[in-house]
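All of these numbers come straight from a predicted model, not from anything done at the bench.
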Amino acid sequence: MKKMLWTCWLELQRLLQSELSEEMLATSLRMEKTMKKLAVQAYDAAAGEASGRLAGFAPAPLEPLELPTLEIGELWQTDRVERKLLTSRFKNPRQFFLKGTERRCCAKIWRVS
């Protein structure tokens, strides 16, 4: 049972690493798209103003720079959660789920990590 608990914790940690890295990548892509859109809007506004002031001015089309994609550094992990913490809260499945121990255990894990 103790080995299963520890394996579950390691799997949860791996899933969190994966989810966090995917979310960081998605956020960086959304930011890149927004920055390009804002740059084009600013360029178009400035080009329109310049065209209005200078007769015969034809601005060149803007080609936005390619921004580097965010590189995910070291994946999140913690060594502050120990086997003892997990196993001390889990005596057996019935006691764990019927007496509300799962909420206290989760709260303790999130405070530690």
Side-chain angles (χ1 to χ4, degrees):
M1 186 65 77
K2 291 179 182 184
K3 188 174 183 178
M4 287 174 55
L5 274 174
W6 187 248
T7 303
C8 289
W9 166 248
L10 294 176
E11 180 65 14
L12 176 62
Q13 191 172 353
R14 189 192 64 76
L15 289 172
L16 286 173
Q17 289 170 345
S18 174
E19 290 292 324
L20 289 172
S21 65
E22 287 178 15
E23 194 58 40
M24 289 292 292
L25 181 60
T27 300
S28 70
L29 292 174
R30 284 192 297 270
M31 288 175 60
E32 180 180 346
K33 181 180 175 183
T34 301
M35 288 172 62
K36 285 181 179 180
K37 181 177 142 187
L38 291 173
V40 167
Q41 288 175 351
Y43 180 81
D44 289 344
E49 185 178 329
S51 295
R53 292 183 182 195
L54 302 171
F57 176 74
L62 175 67
E63 294 181 21
L65 296 174
E66 288 299 317
L67 299 174
T69 303
L70 177 69
E71 290 187 29
I72 304 297
E74 189 174 323
L75 296 175
W76 175 84
Q77 65 182 47
T78 183
D79 57 358
R80 295 179 64 188
V81 175
E82 299 174 354
R83 286 180 195 243
K84 185 177 179 181
L85 172 69
L86 296 174
T87 56
S88 68
R89 305 278 190 241
F90 191 89
K91 304 297 181 207
N92 62 55
R94 182 176 182 181
Q95 182 262 349
F96 184 76
F97 290 107
L98 293 180
K99 301 213 177 191
T101 308
E102 77 278 9
R103 288 186 301 262
R104 291 191 302 272
C105 185
C106 289
K108 178 87 173 170
I109 287 172
W110 292 121
R111 277 195 304 263
V112 170
S113 61

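- In the hydrophobic clustering (ILVMFWY side chains linked at under 4.5 Å, chained through shared members), F57 is joined by L54.
- Judged as a salt bridge (charged side-chain N to carboxylate O under 4.0 Å, His left out), the pairs with a partner in residues 4-15 (not counting sequence neighbours) are, in order, E11-R14.
- Annotation: the span from L16 atom CG to E23 atom CD amounts to 12.5 Å, rounded to 0.5 Å.
- With side-chain heavy atoms closer than 4.5 Å counting as contact, directly or through intermediates, M31 stands alone and belongs to no larger hydrophobic cluster.
- Here M4 is tied to no hydrophobic group at all, with no ILVMFWY side chain closer than 4.5 Å.
- Across all their heavy atoms, P59 and Y43 have their closest contact at CB-OH, 3.9 Å.
- Every residue meeting the side-chain contact (heavy atoms from CB on, under 4.5 Å) condition with E66, not counting sequence neighbours, appears here in chain and number order: E32, K36.
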Validation: residues 44-51 side-chain donor-acceptor distances under 3.5 Å, sequence neighbours left out:
from	atom 1	to	atom 2	distance (Å)
E49	OE2	R53	NH2	3.2
S51	OG	A47	O	2.9

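- A continuous path of hydrophobic side-chain contacts links W6 to L12 [ILVMFWY only; heavy atoms under 4.5 Å].
- The structure places CG of L20 at 12.5 Å from CG of L25, a figure rounded to the nearest 0.5 Å.
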